[in-house]
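So that the names make sense, note that chain A is the first sequence line, chain B the second, and so on, each numbered from 1. Worth saying up front: this structure is predicted, and the values here are computed from it rather than measured. Scope of the values below: all heavy atoms of this structure, side chains included, with no hydrogens, waters or symmetry mates.
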Amino acid sequence: MIKVSIDTLIKSIVVMTFVLLLLSVYMVIKSIQEKAVAKKMKVYMQSTLDLWYRYLNGEIALPKELIPSNDIEIEAIEEIFLSYINNISNLCIKDKIRVFSNQYLREHYLRLLTSKKWSLRMNALYRIIDFEIDSLATECRNLERKTKLSSGEHFLLLVIHSMFDETGFVKEFVSLSSKLSEYEFKKLLIGFSHETLEQLTYQMNDLPITYQYYFIDILGVIRNLDFLPFLEDKLGDEKPEIRIRSLKAIHEIGVATDLDKYKIFLESPKWEERLMLAKLLGAFSLEQVYPYLEQLLQDENWWVRYHAAQTIGNSKDGKSRLETFITTAKDQYAIEMAREVLEGVC
Amino acid sequence: MSTILHYLMLFFGGFISIYMIAIVIAYTSMLIFAFIELRKQYKLDKNASDEDYIDAFYYKPLSVIIPAYNEEVGIVDSVRSALNLKYPQTELIVVNDGSKDNTQQVVIEQFQMKKIHKVINKQIESKPIIQVYQSEIHHNLYLIEKENGGKADALNAGINFAKYPYFCSIDGDSILDEKSLLRVMKPIILSNEEVIAAGGNIRIANGLDVQMGSVYQRNLPNRPLVLMQIIEYTRAFMMGRIALAKFNLVLIISGAFSVFAKKWVVEVGGYSVKTIGEDMELVVKLHRYLQENKLKKRIEFVPDPVCWTEAPESLGILRKQRRRWHQGLIESLVKHRKMTFNPKYGKIGMISFPYFWLVECFGPLIELGGYIYMVVAYFSGTFYFEFAILLALLFILYGSVLSAFSILMETWSVNIYSGINNFFKLIIISLTEAFWYRPLTLVWRCEAFIQELLGRKSWGDMKRVGLSKKPEQKKEGDKTK
Amino acid sequence: MISNYTFEDSIAKQIFCALRAHVVRSRTVITAVFLGLYNESEFDADKLSVAAEKITDFLKNTTRKTDFVFKFSGQLKWFIILSQSGEREAAAFLRRLYILAKNTDIPIIENHDILFSASVAEIGNDDGEFEELVADGVLALAESLSKGSEYIEYITTHKKRPVETIRVSILEENAIFRNALYRTIDNLNFDNFETEIKEFQDGYEFLESNWHLSSHTHLIIMNDILPRQSGLDVLHKIRMLPNNKRFIVFIMTKRSSEEDMIYAYESGADNYFIKPFNLRLLEVEIKRTFERLWS
């Protein structure tokens, strides 16, 4: 028995060593190739970078040299385009990149899109989004209907769909069955036009509950005053999470009008609501809201006390208010907080 | 008498051989699994999605905590690398845990730290904080001066001070790749915060050209001992981490670089001050908490993000380090032993714990036994001779050949050290693993058992040489001329 | 044709030269105004000297403390130096003067209208002879007087500002974008400035180059995060230098957090660009900044 296993072991070690040797040879060849490619890329960059600048900035018409003739050049062009897109927002440059990609890179990405390798398909999808290659929209739609898709691909295809056909996408979106994470949801919606978002406010209740949360968050990020009435309306929602997120979004917008709408949260059993209130009261004049803040300064929750003190401290005349508070109040925790914020403000 | 000995020898020989064969099969399958995973991602442009993530709107703000005890040599590089992270919103908290050297002065001077007053919400018990400083150059850089209480205590103080919902701990001698934080946070963001902790890949920094916290050239060090550690880390990554992470069985995410959701860490009482391996202990505690409270949360290991850390260059220090690590492992496993084979703890209890007990904890004892057996068998007659040969071959296969394959796979997939010379250097050294490095580490790890039994605790201080090349002094020289 | 006009106050030339020497260094133009009485013929010959004295007093009272009024010897002409003013401010001053002079409530000289005309020369450099200027001024004044009362003639020959070299440093890690920035700035045309542009990969390379130690006005366009030494490090270092006002700092960033932005301004940044940004915007900001250097 032992003899047999020794035999097989020796054999397998010999085989593996041989394989190792073969693979090492492969690695050597691969490394030489990679070096050559890197060198070619460098040469290409050096010789065309100025031309690309002039072309993309509309100084010259597309020179023949810039039309890619092999994969190395395409790779270099990708790098150039990405650097431009990530750093520069000129619409005319984006437009040039879009037109160029649609004309000269379409075939390349179509090939990648139909590749068997997941990683190559993913790369293609990212580039279609980056370079706005709308001539591949139909191909992407077809791919979306395929059953075997990784979640990564699925999401990127959704992004592509929403980019090239916003209205059509929104129609399907409300009844979308797939589960999006917070990041994915926000990523999709942040690019939407004002009208589309407004339309969604009417349909919000049709969305799954988690999507409603994210949607409210997005309204806060956009900071558009037009959505303030909608958000204020949501303060009366029965779900606490909706109320908290609406408070947060309003705080984000930085404008609040009707103090009466917020006063109720003073007695809220949820500390998160009281916390958001403590922050939000900064949108009013201290004169108007100081009694409420003083109450929150004596809250049982550390964070509520902290933000109440911060809000007072950051207001005009807030410092003197805190000073008087320290000398007159009885709540030791509140006094401590007031003192620490006061020293921090100095 | 001799027959009893004979059967004993036979039994041990058989047992050790079967164990080794099982291990080799397990590791080979994990290696194949890793290959399939890496092949899937081969040529995937990982930078493609980074740009989106940089937007603060999607990302959760994060506090970076750098505990430092006598780190005057490496601390500035660590802080600089953390300052250069591509991440939308961070704060940096250096916790000086009562260092006896110039750690504090170095940081204060380099970054123009000024005393400030700051409100601290003490959620976890920690030794008193003496003073808080803030940088005049980088407004998000803080320094906490506190009484000495050990690394865990320093981390707890940092957690108390941190104002963001996530924190990342890195050692005071490590430097981060600029995108590592972005990528280690990715699973947390993409999973809707279902992932509550994520650890990154650790690599060895010795030999790198580090300038002011940025890695410029990736060279290999010359010492075989350090090269061997590089191979060891690669091996652990290829045969273990990738597969374990895929099935959510990670029990260790290294303390040298990991991200945690503060809320849950506070919930389990922060880092344990009294244990040696505070990082593993925290992860086990989190797992336990999640399972006991039936929470649908996960802990993940992210194969890609890189943290560079300095490896010991001498046998003595390496020995101390390994002993300490193993002691930490034993302690955590013993402390949470009731999770073993306990279906209440799901996969962690049924797979991870038994695996860590058998392979990680007692494995070294069995393996070392194998080495001893091999020597004894070789000299005690022809009958056991074949056992000796069998074991020797298994050790070579397990130690050397598999290591070489790990190196091969890494060069193929990420190619950290460019240049074909580096590749051959690593391959050749890796083939020697079974003959010297493996037995050495086995001995050290077994020493941990003795230490644990004697109840001794060594903290394994490490002498740092620092990663950064010192800026040339030529300017000063010129002036004095 | 250098003429030999003299002034009652012989210090005129000295004061003018001192002010003029300051023009380039402080990038503040001064303006020379030559003022003549249009209706000189209406005055009796014997009253002329009294009138001249009264007008001189009037002019001295109407100008600012930093301005100077000199009367030409033997002529009803005045030479006024308006420091810290260009020709536009000078024109506004003159219009105010013309109205005040006609004010009948507080007449300068009883029963007489005072009607002026003037020529104006903005001085934008410090190379040129005083006598030449005066000759030009008097000539233009004659022209102005011949056209009518309350007239202003402009002399443009002394306006030309010297071409100043401004250093521009680009600190950006991405070589492709760095190239685009370089080309953009290099393409800009300025009347009075020329640029010397240098590119750097990071803050350390920049600070080590000592390129920032010259006395040139220096525009630094940099990323906030850079390897080795970041943009904030550089900002802090240069703001600690003596004479740091010569640095104009534009920060580019990927982080859009308001807190970071506020902090950057507080640390001495002059402008803040959130990537991706429009290159045209950068162009106009640079132009505007350079134009504002002269007041």
Problem set entry | Neighbour count >12 (heavy atoms, 6.0 Å) for atom CZ, B:Phe435 | yes

Exercise. Do you know which two heavy atoms are closest between B:Ile420 and A:Met27, and how far apart they sit?
Worked result: CD1-O, 3.7 Å

Problem set entry | From CA spacing to verdict: side chain to side chain contact (heavy atoms under 4.5 Å, CB included), A:Leu23, B:Trp412 | CA-CA 10 Å; A:Leu23 288 174; B:Trp412 171 75; over 6 Å; no

Problem set entry | Whether over 12 other heavy atoms sit under 6.0 Å from B:Lys246 NZ | no

Exercise. Do the side chains of A:Tyr183 and B:Asn192 get nearer than 4.5 Å, heavy atoms only?
Worked result: no

Problem set entry | Validation row: A:Val28, B:Phe423 side chains within 4.5 angstrom (heavy atoms) | no

Exercise. A:Asn123 side chain to B:Asp45 main-chain N or O, any donor-acceptor pair under 3.5 Å?
Worked result: yes

For this session: Verify the neighbour count for atom CZ of B:Arg298: are there more than 12 heavy atoms of other residues, nucleotides or ligands below 6.0 Å?
Result: yes

For this session: Working to the nearest 0.5 Å, report the span between NZ of A:Lys186 and CD1 of B:Ile189.
Result: 9.0 Å

Problem set entry | Residues B:Glu193, A:Glu182; criterion side chain to side chain contact (heavy atoms under 4.5 Å, CB included); working and verdict | CA-CA 9 Å; B:Glu193 301 180 59; A:Glu182 180 173 354; 4.1 Å; yes

Seminar exercise, completed: When rounded to the nearest 0.5 Å, the distance separating NZ of A:Lys187 from CG of B:Leu190 is 12.0 Å

For this session: Let me know if A:Glu34 has heavy atoms under 4.5 Å from chain B in its side chain, its backbone, both or neither.
Result: side chain

Seminar exercise, completed: Under 4.5 Å to a heavy atom of chain B? For A:Ser31 that would be side chain

Problem set entry | Flag if over 12 foreign heavy atoms under 6.0 Å of NZ, B:Lys114 | yes

Problem set entry | A:Lys248 atom NZ, over 12 foreign heavy atoms within 6.0 Å | no

For this session: Select one option (side chain, backbone, both, neither) describing which atoms of A:Tyr306 are under 4.5 Å from chain B's heavy atoms.
Result: side chain

For this session: Give, as side chain, backbone, both or neither, the part of A:Arg121 having an atom under 4.5 angstrom from any heavy atom of chain B.
Result: neither

Exercise. Out of A:Trp118, A:Tyr26, A:Trp302, which one racks up the most heavy-atom pairs below 4.5 Å with chain B?
Worked result: A:Trp302

Exercise. Hey, which of B:Ile116, B:Ile120, B:Ile396, B:Ile427 has the most heavy atom pairs under 4.5 Å with chain A?
Worked result: B:Ile120

Exercise. Are any non-hydrogen side-chain atoms of A:Leu20 and B:Val401 less than 4.5 angstrom apart?
Worked result: no

Problem set entry | Spacing of NZ belonging to A:Lys117 relative to NZ belonging to B:Lys40, to within rounding of 0.5 Å | 14.0 Å

Exercise. Under the 3.5 angstrom rule, does the side chain of A:Ser119 hit a backbone N or O of B:Tyr42 as a donor-acceptor pair?
Worked result: yes

Seminar exercise, completed: In short, A:Ser24 meets B:Phe424 closest at the heavy-atom pair CB-CE2, 4.0 Å

Problem set entry | Heavy-atom contact with chain B under 4.5 Å, split by part of A:Ile10 | both

Exercise. Is the number of heavy atoms from other residues, nucleotides or ligands under 6.0 Å of A:Glu323 CD greater than 12?
Worked result: yes

Exercise. So do the side chains of B:Leu397 and A:Met16 get within less than 4.5 Å of each other, counting heavy atoms only?
Worked result: yes

